[in-house]
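Naming: A, B, ... by sequence-line order, numbering from 1 per chain. Since the model is a prediction, treat every value here as computed from it, not as a measurement.
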Amino acid sequence: MTDFRFELRATDGAARLGLLHTAHGGIETPAFMPVGTAGTVKAMMPESVAATGAQILLGNTYHLMLRPGAERVRDLGGLHVMMNWPGPILTDSGGFQVMSLAKLRTLNEDGVTFQSHIDGSRHVLTPERSMAIQHCLDADITMAFDECTPFPATPAQAADSMRLSMRWAVRSREAFVARPGYGLFGIVQGGVHLDLRAESAEALQAIGFDGYAVGGLAVGEGQEAMFATLDGTVPHLPQDKPRYLMGVGRPADLVGAVLRGIDMFDCVMPTRSGRTAQAFTRRGTVNLRNARHQEDRRPLEEGCSCPACRNYSRAYLHHLTRCQEILGAMLLTWHNLHFYQDIMRRLRLGILAGKLGQVAEGILAEEALGDIQ
RNA sequence: GGAGGGGUGGCCGAGUGGUUAAUGGCAGCAGACUGUAAAUCUGCCGACGAGAGUCUACGUAGGUUCAAAUCCUGCCCCCUCCA
C-alpha cells in the first residue's frame with residue numbers, strides 16, 4: 001500500500017506544486033476539497049463531484065458521529081464505500097463545531113460535550129474519541145481535535161485556546177493509529193497574533209505530524225488580517241509537509257494563500273452559495289435570483305464547460321432558483337465546484353510554468369471586471 | 001322576494017373609535033453566506049421626496065365625533081340558507 005507522503009514537484013516564490021499520496025489515491029496540490037459534511041457534497045452525486053476535477057473530499061466527525069454514527073459507517077465499509085467516493089477523504093475533527101455550536105456545548109480540559117442539534121442528546125468528543133471516529137470513517141487524512149478559536153479574541157483568550165489545542169494535539173497524535181497511506185494533520189491556532197501562531201507551529205512540529213493546517217482563520221478577521229497571519233505563520237511550517245488552510249475561502253482568498261505557500265483548502269462557499277443562488281464566475285459573483293436574468297438567454301459563463309453553462313441559459317437558471325427547484329441548486333453547485341477546480345488548475349499551471357504571479361494577477365483582474373451586463 | 005354573512009394595501013388575511021400607512025403569510029426587490037444546526041438568514045416592500053416630511057388610502061356616497069378601516073344611513077357587489 002502507498003505510503004502517506006508529500007512530493008514537492010515545483011515551487012514559484014513561496015508557492016508550491018505538489019502531489020500528496022494517500023491510501024485512496026493522489027492529490028495534486030494546491031488542491032481544493034469540496035465539503036461533504038454529512039457524507040454527501042450537498043446537491044451533487046459523487047461522480048459529478050469527481051467530474052469537476054475534485055480529487056479529495058472533506059467529511060465531518062461531529063455530523064457523522066450523530067448520524068448515522070461512526071461505528072455504523074465503519075460497519076458499512078467506511079465513508080468511501082458508504083458514499084461511493086473511491087478517492088481520498090479528509091475529515092474535520094469536530095473542532096469547527098466547538099466554535100460554531102458554542103451554544104450547544106461545554107468545554108473542559110478533557111474535551112467537549114455537545115448537546116446534539118438534532119435531538120438534544122449528549123455526545124462527548126475528546127481527542128481520543130475524535131481519532132477513533134475518524135478511524136471508523138476511514139479518513140485518509142485525520143485532523144487533530146482542536147478548538148477553532150473564535151474571532152475576536154483577546155491575546156489571552158487566543159493563547160489559552162491555542163495551548164489547549166496544542167495539548168489536545170499531543171493526545172491526538174498518541175491516539176492516532178498509524179497505517180500506511182493514512183496521515184494525521186496538526187492544526188495551528190493563535191488567532192491573528194503572530195507570536196502565538198509561531199508558538200503553535202513550533203509546538204506541533206515538536207509533536208510531529210504528516211501535514212500542518214492553519215485553523216481559526218476566515219472567521220471574521222478579514223482578508224488583510226488573514227493574509228498577514230499567513231505571512232507570519234507559514235514560514236514556521238516545514239517545507240516537506242503539506243499545508244492546509246482550513247475553511248478558506250473565496251476565490252481571491254485561494255489565490256492569495258497559494259502565493260503564500262498554502263497547498264490545500266476546503267470551503268462550503270461554492271456548495272452553499274450554489275444552493276443560495278450565488279454563482280462564482282471569472283468575472284466575480286452573480287446572483288441568479290436577480291430579476292435582470294429573467295430573459296437572458298446567454299450562459300452563466302461563456303466558455304465554461306460545466307453542464308450548467310453548456311446546456312442552460314441564465315434565464316432558466318433564474319427560473320429554477322426562483323421556484324426553488326432542486327435542479328437549480330444542483331446546476332449552480334456543479335458550476336461553482338467546477339469553477340473552483342478551474343482556479344486551482346490555473347494556479348497549479350502557473351506554478352509549474354514559473355508564472356504564478358501573472359496568473360494570480362490575471363485571476364484577480366478578471367474578477368474585478370464584474371459580471372457581464 | 002326574505003334571512004344572515006361579507007367587501008382591508010399585488011394576493012391571502014388580522015384588526016371593531018385614538019398608540020394604524022394599517023399584525024402575519026405569500027409574491028416582489030435587494031443583500032449576506034469562508035474546517036455547513038443553512039435548498040438558510042437579513043433588509044426593503046402605498047405615492048412623491050436624498051431627507052425632514054407631504055399626500056392618498058380599508059367597496060361607494062353621505063353622516064356622527066375633537067378623532068372613523070372600526071359607529072349610523074343610502075347605494076353597489078359577493079357568499080350561504082329559505083321561498
Strictly by modelled atom types, are A:E147 and A:Q189 linked by a side-chain donor-acceptor pair under 3.5 Å?
->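 Distance-only check fails for A:E147 and A:Q189.
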Return yes if a side-chain donor-acceptor contact under 3.5 Å exists between A:Y182 and A:D138, otherwise no.
->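 Yes, a side-chain donor-acceptor pair sits under 3.5 Å.
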Measuring from the side chain of [X] (C-beta onward, heavy atoms only), which nucleotide among [options] has the closest atom?
X	options	value
A:Q97	B:rG35, B:rA37, B:rA39	B:rA37
A:Q278	B:rA37, B:rC33, B:rU36	B:rC33
A:Q324	B:rG35, B:rC33, B:rA39	B:rA39
A:T276	B:rG35, B:rC33, B:rA30	B:rC33
A:R322	B:rA38, B:rG28, B:rC33	B:rG28
A:A291	B:rU36, B:rA38, B:rC29	B:rC29

Take the protein atom [atom1] of [X] and the nucleotide atom [atom2] of [N], then report the distance between them rounded to whole Å.
X	N	atom1	atom2	value
A:K42	B:rC33	NZ	P	19 Å
A:L184	B:rG35	CG	C1'	15 Å
A:Q294	B:rA30	CD	C1'	14 Å
A:Y62	B:rU36	OH	C1'	12 Å
A:R292	B:rG28	CZ	C1'	18 Å
A:N290	B:rC29	CG	P	9 Å
A:M65	B:rG35	CE	C1'	15 Å

Taking N and O atoms by type only, does the side chain of [X] place a donor or acceptor under 3.5 Å from a partner on the base of [N]?
X	N	result
A:S100	B:rU36	no
A:D146	B:rG35	yes
A:R289	B:rG31	yes
A:D92	B:rG35	yes

Toward the 5' end of RNA chain B, which comes first, A:A277 or A:T37, by nearest nucleotide?
->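 The residue closer to the strand's 5' end, by nearest nucleotide, is A:A277.
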Position toward the 5' end of RNA chain B (nearest nucleotide), A:G215 or A:A329 |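 Nearer the 5' end of the strand: A:G215.
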B:rG31 phosphate, OP1 or OP2, under 4.0 Å from A:N287 side-chain N/O =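 Answer is yes, contact under 4.0 Å.
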Phosphate OP1/OP2 of B:rG35: any A:N60 side-chain N/O under 4.0 Å |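 No, A:N60 has no side-chain N/O under 4.0 Å of OP1/OP2 on B:rG35.
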Name the nucleic acid region contacted by [X], choosing base, sugar-phosphate or nothing; use a 4.0 angstrom heavy-atom cut-off, strictly under.
X	answer
A:T271	base
A:G216	base
A:L245	nothing
A:Q189	base
A:I187	base
A:D253	base
A:L104	base
A:L58	sugar-phosphate

For the pair A:F145 and A:W168, name the ring-plane relationship: parallel under 30°, tilted 30 to 60°, perpendicular over 60°.
->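 A:F145 and A:W168: parallel rings.
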Run the salt-bridge test on A:R129 and A:E71 with the 4.0 Å N-O cut-off and return the result as yes or no.
->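 Result for this pair is yes, salt bridge flagged.
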Does A:K355 come within less than 4.0 Å of A:D12, counting only side-chain N to carboxylate O?
->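 Not counted as a salt bridge, because no side-chain N and carboxylate O are separated by less than 4.0 Å.
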So if you build clusters from Ile, Leu, Val, Met, Phe, Trp, Tyr with side-chain heavy-atom gaps below 4.5 Å, do A:L90 and A:L184 land together?
->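 No; tracing contacts between hydrophobic side chains, which count when under 4.5 Å, never links both residues.
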Watson-Crick or G-U pairs under 3.5 Å in RNA chain B, rendered as dot-bracket with [ ] for crossing pairs and | for another strand | ((((((((.[[[..)..(.....]]].(((((.......))))).(((....)))...[[[[[..)....]]]]]))))))).
Chi angles and distances behind the side-chain hydrogen bond (donor to acceptor under 3.5 Å, both in side chains) call for A:Y62, A:D92 | CA-CA 8 Å; A:Y62 169 81; A:D92 182 41; over 6 Å; no
Tell me who clusters with A:Y312, hydrophobic residues only, linked when side chains sit under 4.5 Å apart either directly or through other members.
->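 Grouped by the 4.5 Å side-chain rule, A:V286, A:L288, A:L300, A:Y316, A:L317, A:L320, A:I326, A:L327, A:M330, A:L331, A:L332 form the rest of the cluster around A:Y312.
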With clusters built from Ile, Leu, Val, Met, Phe, Trp and Tyr whose side-chain heavy atoms come within less than 4.5 Å, directly or transitively, what are the remaining members of the cluster of A:M99, listed by chain and number?
->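 A:M99 shares its hydrophobic cluster with A:F96, A:F151, A:V192, A:V219.
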